Colleague: 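Below is the structure I would like to discuss, written out as structure tokens.
Being a predicted model, the structure only gives us computed values, none of them experimental.
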Amino acid sequence: MPAHAGAGRVLTGVYWATFALVAAMVAIPVVALVYGSFRTSAPGLPGEWTLRNYAGLASGGVLSSMLTTLVIGLFTSVISIVTGAAIALILHRTDFRYTRIVMPLIGLTFYFPSFILAMAWIIVGAPGGIYNTVVDDMLGMPWLRADIYTAIGIVFVMVLHQVPFVYLTMRGPIIGMDPIYEEAASAAGARPHHVLLRVTLPLLGYSLISSFILTFVMTIEQFAIPALLGIPGQVTVLATQLYLLVRFSPTDYGLAAAIGVALSLITGAAIWAQRRVTTAGRLTTVTGKAGRMRDLPLGRWRWAANLLCFGFVFLGLVMPMVILLYTSVLKWFTVNPLEGIYTLRNYAFIWESGSTMGSFTNTLIVSGAGAAIGVGLGLLCCYFTLRLRPAGHRTLDFLASLPFGVPGVVLGLGLLWAYAYLPVPLYGTLALMVIAFVTRFLPYATETIGGQMVQIDRSLEEAAWVNGATRLQGMSRILLPLVSLSLQGAYFLLFMAFFREISSAILIYSVNTSVISISIWSFFEQANWGLASALAVVATVIIFVAMALILRLAPTARRG
């Protein structure tokens, strides 16, 4: 008994420590943001209470940005859902011949950082970029010119970034759907395309709606793409307006905080709607009956399927990487590769520059240590909310999932406000960067680990308790080995997310805490396309290697 009582006290202490830590990590930036939205001054400076910032939300500029945000979000989400679901259906429901080739390439596209994708398309589609130079100067067809610095350009690049997410969210429901309904329709004489339109898609309705809402949330909180493409073209969304109000004169931190609160309310409402749809949409589409629906023949539409799948991979992965590689080895940028002067000086500069190597070191520290902290905290959250369920476990679950509805740039602004007042010397340190990243991506860890933990029968631990094991021993000897794969997957997922994260870092970094994403951003802002491209290539290779490790170390990632 004493051993069991001691273990119980230890677990109780760990639970409340976990609860307090998660509550502080989530509440501090949110409360600080709300506080800042009622102040007239910048963080850390004396000021007065005011409602002027919220009145500013009704100004023409903010309303225009809000409308632009919603329109871009809706158009991007609709196009992404149609394209991503179509690719998933082609790969997993038809006789498409190249599934084993396209599927891993889409996985690579998913991990392609958004700001690097935007950079590549700026090199292609800017007024002085490759495309316009070719169609205007070389082909003499100025009427074919295009401008990536527009709302249409933002939607285009956003779609390339979001389609892999839609594909990955729709792949599971499509593969796991029982074929009995489609078989019944086929037996009744329905043609394949009628089965697809009248049976398959309606059964996937809730999954499509859920994926649409999540895509909408990820689109309207996106910072890098609308900032790189929208700021030069004066297309402003809420995330970039917040950034401009903080980074450029005349600054208005109070209005920026109010915009952050408004954006968080929009994303939070969308997340709530998605959870309601997920709860309401639990249709029985997976049964115990074995079988597989015969693959739908593409027939005369095979060319369209090939064009869609390979066209997307080309636009979203192959061409951007080729463009970045090409730009990274040029001494001076030129569209004609025959006129280029090639050099490796950009890559040499990466290793010779102390600041650039410092950003690599900072990134590895933040990503390596931060991912470990995030996985450990996520494991504890899952254990307490899914296994022990002590008093207040539902609140802990809510707090752990809350950051998913808070955009990264808003979280960064909240931390900027918070640590300007708190008597803790964290501002301008890597520790603050780790706190920001762990807070933002904690839901990723809890979802990854919790997804496997709920599949483990409690009777395994109960059997250990009956045989004299304490709860701590049951956790360490039974539960941890069984969830080890999800722990590995969660670690590499967080590592990659931290490695490429920019939105929550853009407002809190300092010269000494710059990470790779910030260095790439700075080089590109200085119009140094060669250095930015070289650093982007190195960062992308590291991310792809990390993804390969996931597939090798976590066999479950290869299923499907």
Colleague: So, does Ser517 use its side chain to make a donor-acceptor pair with the main chain of Glu501 at under 3.5 Å?
Modeller: yes

Colleague: Between Met321 and Phe112, is there a side-chain heavy-atom distance shorter than 4.5 Å?
Modeller: yes

Colleague: List the atom of Pro226, the atom of Met158, and the distance in Å for their closest heavy-atom pair.
Modeller: CD-CE, 3.7 Å

Colleague: Taking CZ in Phe398 as the centre, count heavy atoms belonging to other residues, nucleotides or ligands within less than 6.0 Å. Is the count above 12?
Modeller: no

Colleague: Decide yes or no on side chain to side chain contact (heavy atoms under 4.5 Å, CB included) for Met119 and Leu228, but give the supporting numbers first.
Modeller: CA-CA 7 Å; Met119 279 172 40; Leu228 286 171; 4.3 Å; yes

Colleague: Looking at side-chain heavy atoms only, is the closest gap between Ile271 and Val217 below 4.5 Å?
Modeller: yes

Colleague: Do the side chain of Ser514 and the main chain of Val511 share a donor and acceptor less than 3.5 angstrom apart?
Modeller: no

Colleague: With side chains defined as the heavy atoms from C-beta onward, is the minimum distance between Gln241 and Thr69 less than 4.5 Å?
Modeller: no

Colleague: With rounding to the nearest 0.5 Å, note down the distance linking OG in Ser264 to CG in Leu413.
Modeller: 9.5 Å

Colleague: Any chance you could lay out the side chain to side chain contact (heavy atoms under 4.5 Å, CB included) test for Ile266 and Glu221, step after step, and finish with the verdict?
Modeller: CA-CA 10 Å; Ile266 294 173; Glu221 75 170 18; over 6 Å; no

Colleague: Answer yes or no: is there a donor N or O on one side and an acceptor on the other, between the side chain of Thr99 and the main chain of Leu91, under 3.5 Å?
Modeller: yes

Colleague: Can you tell me how far CG of Leu238 sits from CD1 of Ile220, rounded to the nearest 0.5 angstrom?
Modeller: 8.0 Å

Colleague: Within the side chain of Tyr15, is there an N or O that forms a donor-acceptor pair under 3.5 Å with the backbone of Ala391?
Modeller: yes

Colleague: Hey, can you tell me if Tyr421 and Trp417 have their rings parallel, tilted or perpendicular (30° and 60° cut-offs)?
Modeller: parallel

Colleague: For Gly428 versus Ser510, what's the shortest heavy-atom pair and its separation?
Modeller: O-OG, 3.5 Å

Colleague: So do the side chains of Val375 and Gln488 get within less than 4.5 Å of each other, counting heavy atoms only?
Modeller: no

Colleague: What's the shortest heavy-atom distance between Thr446 and Cys381, and which atoms?
Modeller: CG2-CB, 4.1 Å

Colleague: If you round to the nearest 0.5 Å, how far is NE2 of His161 from OG1 of Thr215?
Modeller: 10.5 Å

Colleague: Check whether any side-chain N or O of Asn362 sits under 3.5 Å from a backbone N or O of Asn512 as a donor-acceptor pair, and report yes or no.
Modeller: yes

Colleague: So, do Phe360 and Ile542 sit near enough that their side-chain heavy atoms are less than 4.5 Å apart?
Modeller: yes

Colleague: If you take the centroid of each ring, where Trp contributes its six-membered ring, are Trp521 and Phe524 closer together than 6.0 Å?
Modeller: no

Colleague: Taking side chain as C-beta onward, heavy atoms only, is Ile106 less than 4.5 Å from Ile87?
Modeller: yes

Colleague: Taking it one step at a time, do Leu535 and Ile350 satisfy side chain to side chain contact (heavy atoms under 4.5 Å, CB included)?
Modeller: CA-CA 7 Å; Leu535 195 53; Ile350 293 175; 4.1 Å; yes

Colleague: Please report the interatomic distance CZ(Phe110) to CG(Leu317), rounded to the nearest 0.5 Å.
Modeller: 13.5 Å

Colleague: Given 3.5 Å as the limit, does a donor-acceptor pair link the side chain of Ser211 with the main chain of Ser207, or not?
Modeller: no

Colleague: Mind listing the closest non-hydrogen atom pair of Arg440 and Gly408 along with its distance?
Modeller: NH1-N, 3.2 Å

Colleague: Give the ring-plane orientation class for Phe437 versus Phe498, where under 30° counts as parallel, over 60° as perpendicular and anything between as tilted.
Modeller: tilted

Colleague: Please find the pair of heavy atoms, one from Ala431 and one from Leu426, that lie closest to each other, and give the distance.
Modeller: CB-CD2, 3.7 Å

Colleague: Is Thr385 reaching over with its side chain to a backbone N or O of Asp397, donor-acceptor style, under 3.5 angstrom?
Modeller: no

Colleague: Between Leu493 and Tyr111, is the side chain to side chain contact (heavy atoms under 4.5 Å, CB included) condition met? List the steps.
Modeller: CA-CA 10 Å; Leu493 179 64; Tyr111 290 107; 4.3 Å; yes

Colleague: Counting only N and O atoms by type, is there a donor-acceptor contact under 3.5 Å from the side chain of Tyr491 to the main-chain atoms of Gly368?
Modeller: yes

Colleague: Does any N or O in the side chain of Ser77 come within less than 3.5 Å of the main-chain N or O of Phe216, such that one atom is a donor and the other an acceptor?
Modeller: yes

Colleague: Report yes if the side chains of Ile518 and Ser522 come closer than 4.5 Å at any heavy-atom pair, otherwise no.
Modeller: yes

Colleague: How close do Gly73 and Thr219 get, heavy atom to heavy atom, and via which atoms?
Modeller: CA-CG2, 3.6 Å

Colleague: So Val102 and Phe312, do their side chains get closer than 4.5 Å, heavy atoms only?
Modeller: no

Colleague: Indicate yes or no for a side-chain donor-acceptor contact from Thr439 to the backbone of Ile435 under 3.5 Å, with no hydrogens or angles considered.
Modeller: yes

Colleague: Could you check whether the rings of Phe441 and Tyr444 sit parallel, tilted or perpendicular, using 30° and 60° as the cut-offs?
Modeller: perpendicular

Colleague: Per the side-chain contact (heavy atoms from CB on, under 4.5 Å) rule, which among Ile506, Val409, Leu416 passes with Val246?
Modeller: Leu416

Colleague: Could you state the interatomic distance from OG1 (Thr83) to OH (Tyr167), rounded to the nearest 0.5 Å?
Modeller: 14.5 Å

Colleague: Hey, could you give me the SG/CD distance between Cys382 and Glu447, rounded to the nearest 0.5 Å?
Modeller: 8.0 Å

